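Step one of this worksheet: look at the structure below.
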Amino acid sequence: MLQQILELFSPEVRLAFGQVDQQLDTFSRLNSGCPERLREAIRYSLLAPGKRLRPLLVLAACDACGGLPSTALPAACAVEMIHTYSLVHDDLPAMDDDELRRGRPTCHIQFDEATAILAGDALIPLAFQVLAEGMATAEQARRAVLALALAAGATELVGGQVDDLGHQFGEPSLEILESIHLRKTAAMMAVSLKLGGLAAGAGDEALSALENYGKKLGLAFQIADDLLDLRGEQARIGKKTGKDEVRGKLTYPGILGVERSVALAGQLVEEARRELSGLGQRAAGLQQLAKFFVERTY
Ligand code: GRG
């Protein structure tokens, strides 16, 4: 499926996307002051075979705004670092207590809990370092660092995670569920697109269109994630399925049922696509991508 997705984008996006793993490798070599076991744990999680969807959003948004996607590679790596830290911490016994991630033992199983916590911790400043050093101008770097700090912070990613943990076995409410996923999942997608736009020097109108698209996309992605947990194959997804029900998690199929969840995902995809209409033909790849996001099987 990834190959099919990549074909939606320009050769420049594909070329830059092909460099993401190599760049992540370079950025995570770290200097000799980093303890070896910490370096290993950081690289174990960061270089594991994730889908790299957020980096793709960064590069595609940069292209859609008329920029050269390779200039957005540091931003693409920065969002993947924050995303990876959030997965490492989410998998810890104190949170989701998972043993499988990206088809491999989770970081705390492969190493130990303290190392997994600290590897996640170290990825956060590394992301901001890469972003601050990698944007073309000081003003772009300032705006990008601010945007990522807000998206990854206490009101968005972390706040969404806290509310998600707090509502296990809670009163099912679509409003709460949407608020959780707008912050836990959609905010990181929206900021990925924004950073790509910033790297291209896009104006405020284009930036807010990209962010709105990212929020709708993130919600649709989450519905697909809930549906995969319910009926996906563990081997294909690379993580355990059927956990949401056991943990009493609020989910879209749990509240709406499968049919209405599928319909809502479709509606969100249409709304997301419309958000990009002002960007014209250059955003056609991103518009198509939205469909793949909800039709995914892993
Ligand atoms: C610990 C602050 C903190 C936050 C954790 C990311 C997250 C918040 C929780 C992960 C739980 C989860 C299943 C969320 C659903 C959406 C999501 C982020 C899925 C994982 O992203 P993918 O499918 O993963 O893009 P890969 O491995 O391909 O990068």
Side-chain angles (χ1 to χ4, degrees), residues 1-2 4-10 12-14 17 51 53-67 69 72 75-76 79 143 147 150-151 156-157 160 174-175 177-228 252-253 255-297:
M1 173 152 122
L2 191 59
Q4 248 179 309
I5 289 181
L6 284 177
E7 279 162 18
L8 303 173
F9 297 101
S10 70
E12 291 79 12
V13 169
R14 279 183 273 169
F17 187 75
K51 295 183 285 297
L53 290 175
R54 292 152 196 82
L56 180 61
L57 293 177
V58 176
L59 304 173
C62 179
D63 192 55
C65 295
V79 294
R143 293 182 69 185
L150 289 171
E156 301 288 330
L157 174 64
L174 197 56
E175 203 185 334
L177 189 64
E178 187 176 291
S179 152
I180 289 171
H181 294 310
L182 269 173
R183 293 177 292 145
K184 192 183 97 169
T185 304
M188 281 301 294
M189 298 203 174
V191 78
S192 300
L193 291 144
K194 182 172 185 176
L195 296 190
L198 281 171
D204 288 344
E205 208 174 310
L207 292 177
S208 82
L210 286 167
E211 278 190 281
N212 291 337
Y213 162 84
K215 286 180 193 163
K216 309 256 187 210
L217 191 73
L219 286 181
F221 180 87
Q222 183 63 53
I223 297 173
D225 208 72
D226 285 355
L227 288 166
L228 279 176
Y252 283 94
I255 292 180
L256 293 176
V258 169
E259 223 171 282
R260 283 175 66 205
S261 300
V262 171
L264 178 59
Q267 182 193 322
L268 285 162
V269 164
E270 284 317 309
E271 288 173 17
R273 288 161 65 109
R274 275 201 294 277
E275 292 287 348
L276 297 184
S277 55
L279 291 177
Q281 193 50 32
R282 285 185 320 201
L286 278 175
Q287 284 183 322
Q288 292 287 328
L289 178 70
K291 279 176 66 179
F292 278 94
F293 258 50
V294 294
E295 286 164 9
R296 74 202 171 97
T297 53

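Note that this is a predicted model, so its numbers are computed, not measured.
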Distance, nearest 0.5 Å, that separates [atom1] of [X] from [atom2] of [Y]:
| X | Y | atom1 | atom2 | result |
| --- | --- | --- | --- | --- |
| Leu228 | Phe221 | CG | CZ | 8.5 Å |
| Asp225 | Leu219 | CG | CG | 12.5 Å |
| Leu177 | Ile255 | CG | CD1 | 4.5 Å |
| Ile223 | Leu264 | CD1 | CG | 4.0 Å |
| Arg14 | Ile5 | CZ | CD1 | 13.0 Å |
| Phe292 | Leu53 | CZ | CG | 12.0 Å |

Pairs where residues 185-203 contributes a residue and the test side chain to side chain donor-acceptor pair (under 3.5 Å) is met, not counting sequence neighbours: Thr185-Gln222
Which residues pass the salt bridge (Lys or Arg N to Asp or Glu O under 4.0 Å) test with Arg54, not counting sequence neighbours?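 None.
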Salt bridge (Lys or Arg N to Asp or Glu O under 4.0 Å) partners for Arg143, two or more places apart: Asp204
Looking at every heavy atom in both [X] and [Y], which two are closest together, and how far apart are they?
| X | Y | answer |
| --- | --- | --- |
| Ser277 | Gln287 | N-NE2, 4.0 Å |
| Ala290 | Val269 | O-CG2, 3.5 Å |
| Tyr252 | His181 | CE1-CD2, 3.8 Å |
| Ala64 | Arg282 | O-NE, 2.9 Å |
| Ala186 | Leu182 | CB-O, 3.4 Å |
| Leu207 | Ala202 | CD1-O, 3.9 Å |

Results of side chain to side chain donor-acceptor pair (under 3.5 Å) for [X] - residues two or more places apart only:
| X | result |
| --- | --- |
| Glu178 | none |
| Gln288 | none |
| Lys216 | Glu271 |
| Lys184 | Asp164 |

Suppose we screen for side-chain contact (heavy atoms from CB on, under 4.5 Å). Which residues come up paired with [X], at least two apart in sequence or across chains?
| X | result |
| --- | --- |
| Ala209 | none |
| Ala72 | Val58, Leu59, Cys62, Ala199 |
| Ser10 | Glu12, Val13, Asp63 |

Would you say that Leu210 contacts Leu276 through its side chain, given a criterion of any heavy-atom pair below 4.5 Å between the two side chains? yes
Any Val79 side-chain heavy atom under 4.5 Å of Leu57 side chain: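 No, too far: nothing below the 4.5 Å cut-off.
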Glu7 atom CD, neighbour heavy-atom count above 12 within 6.0 Å: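 Buried by this count: over 12 neighbours within 6.0 Å.
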Ala190 backbone acceptor or donor facing Glu211 side chain under 3.5 Å: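 No: the side chain of Glu211 does not pair with the backbone of Ala190.
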Are the side chain of Tyr213 and the backbone of Leu286 linked by a donor-acceptor contact shorter than 3.5 Å?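 Answer holds: yes.
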